[in-house]
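Values below: every heavy atom of this structure, side chains too, minus hydrogens, waters and symmetry copies. Each chain gets a letter, A, B and so on, in the order its sequence line appears, and its residues count up from 1.
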There are 2 protein chains.
Amino acid sequence: METTVGLRERKKAETREAVHQATIRLAVERGLDHVTVDDIVAAANISRRTFSNYFANKEDALLYGEEQRIRSLLRGVRGRPLDESGWQALLGAVREMLADTGEPDREWAVRTSLCKRHPSLLARQLANHAGLERELAQAIAERDGEDARGMRPRLLAAAFLVALRIATNVWIEEQEARPLSQIIEETLAQIARPFG
Amino acid sequence: METTVGLRERKKAETREAVHQATIRLAVERGLDHVTVDDIVAAANISRRTFSNYFANKEDALLYGEEQRIRSLLRGVRGRPLDESGWQALLGAVREMLADTGEPDREWAVRTSLCKRHPSLLARQLANHAGLERELAQAIAERDGEDARGMRPRLLAAAFLVALRIATNVWIEEQEARPLSQIIEETLAQIARPFG
DNA sequence: GGCAAACTTGCACACTGGGCATGTATCGTA
DNA sequence: TACGATACATGCCCAGTGTGCAAGTTTGCC
């Protein structure tokens, strides 16, 4: 998938990943607010100053994986056949993603659980979602030939993300008893149906 | 509405409001990240330490009004006649609120605009919404006689808030040309209708 | 008036984010 | 392969932040 990329780029990616992993590990062990940036850099063998070159703060370091997942989903939507409507493309992209990566890793569940306990994490995660929502609305508007500033594309994008978010929460609360893909299908079906 | 309350309580409320207003004023003047807590406490005539007794940080101070509005909406929903369904109660509460306070003040528009520019504000605002969402889901579940941990009450609450949030954004982007209440009715109608 | 509880304030301290200067690894090119 | 340019890591520094603690001060209540 990736063309051969320079050593410099690879090292950066490795460092970023190492910092991310170290942050998760420490946060799981002690809870994020008993982890300082100094702890993280010690675990990842970099200087505190370097940490700042990669992430603005520890929340970002922890949620880096989430950010990757978000970018991936967005790429998926953009890459769907152009004859699909906006909503179809959203459904297609999420199904494709679940099929590709199989059931999501426990790490994801762990990250999401951490978010529920820690307000500052939840906040940042939702902000990431908001960014995604805007991009999705844009993509949908292009597909359906509408104005991206209109309300319909935005409502579609937002409703879609709501369904994903709630499905994830349910999945985690059920201790991952059912496959996530099944729960997602349910929430997506529910939200696409009229209520009142 | 309020029973006579002690001097102490009144003073606290005044101080909190003063800090809140000072924060908004300064943030509008220079942008929130060119405002320090020291600036705020100077403007509000309190010590830096006291600031922390009221708010955890300047974002919270700025969004205090939003928090009030949220609590008010939640009270509204809880206070709706018990024969209304969850969704009806949501609609009723928001209409009641708009009718009571009339068209929302410019201050609200200003706050919301600030959020769009400043990521840390957006994050905190969305976290507040998440809190409200949980409570709304709870209230809906009670009305409709369902499990609060099931997906339907949550989807209703989330979809409702999505409609409000997007309506607000549209309203602001249109420079408040149309009444907010009208835009809200539109987004609520849209999201309650099937799509795909 | 006077005591207790609640609140404010100043101080101290660990932690954070980021600008700047300097050393070091990598890259592109001749 | 050598070398200049560039990107990156690091250390130092400093303003800003959040919070526990130990006073002082105001308010509530008898």
**Student:** Could B:Arg69 and B:Trp108 be counted as a cation-pi pair, given that NZ or CZ must be under 6.0 Å from the ring centre and within 45° of the axis?
**Tutor:** yes
**Student:** To the nearest Å, give me how far apart CD (B:Glu9) and P (C:dA6) are.
**Tutor:** 11 Å
**Student:** Looking at A:Arg154 and A:Ala148, what are the two nearest heavy atoms and their distance?
**Tutor:** NE-O, 4.0 Å
**Student:** If you compare every side-chain N and O of B:Lys11 against the phosphate oxygens of D:dT27 (OP1, OP2), does one of them come in below 4.0 Å?
**Tutor:** yes
**Student:** Tell me if a side-chain donor or acceptor on A:Asp147 pairs with a main-chain N or O of A:Arg149 at a distance below 3.5 Å.
**Tutor:** yes
**Student:** What I want to check is whether the side chains of A:Arg49 and A:Asn53 have a donor and an acceptor closer together than 3.5 Å.
**Tutor:** yes
**Student:** Can you tell me if B:Lys58 touches the phosphate of D:dT17, counting only side-chain N or O atoms and a distance under 4.0 Å to OP1 or OP2?
**Tutor:** yes
**Student:** Can you tell me the distance, in whole Å, between the CZ atom of A:Arg48 and the C1' atom of C:dG18?
**Tutor:** 9 Å
**Student:** On DNA chain D, check which nucleotide each of B:Phe51 and B:Arg8 is closest to and give me the residue with the more 5' one.
**Tutor:** B:Phe51
**Student:** If you assign each of B:Arg49 and B:Leu7 to its closest nucleotide in DNA chain D, which residue comes earlier from the 5' end?
**Tutor:** B:Arg49
**Student:** Using whole Å, report how far NE2 of A:His34 lies from C1' of C:dA14.
**Tutor:** 14 Å
**Student:** Select base, sugar-phosphate, or nothing to describe what A:Asn53 touches, counting heavy atoms under 4.0 Å on all strands.
**Tutor:** base
**Student:** For the pair A:Glu14 and A:Arg10, find out whether any cationic side-chain nitrogen is under 4.0 Å from an anionic carboxylate oxygen.
**Tutor:** no
**Student:** Give the rounded distance in Å between these two atoms: CG of B:Leu32 and P of C:dG17.
**Tutor:** 16 Å
**Student:** For C:dT8, take OP1 and OP2 only and decide whether either is under 4.0 Å from a side-chain N or O of B:Thr50.
**Tutor:** no
**Student:** Nearest whole angstrom, please: distance from the P of D:dG18 to the CD1 of B:Ile40.
**Tutor:** 10 Å
**Student:** Tell me: CG of B:Asp33 to C1' of C:dG18, nearest whole Å?
**Tutor:** 13 Å
**Student:** Can you measure A:Arg10 atom CZ to D:dC8 atom C1' for me and round it to whole angstrom units?
**Tutor:** 16 Å
**Student:** Quick one: A:Tyr54 OH to C:dG17 C1', roughly how many Å, whole number?
**Tutor:** 18 Å
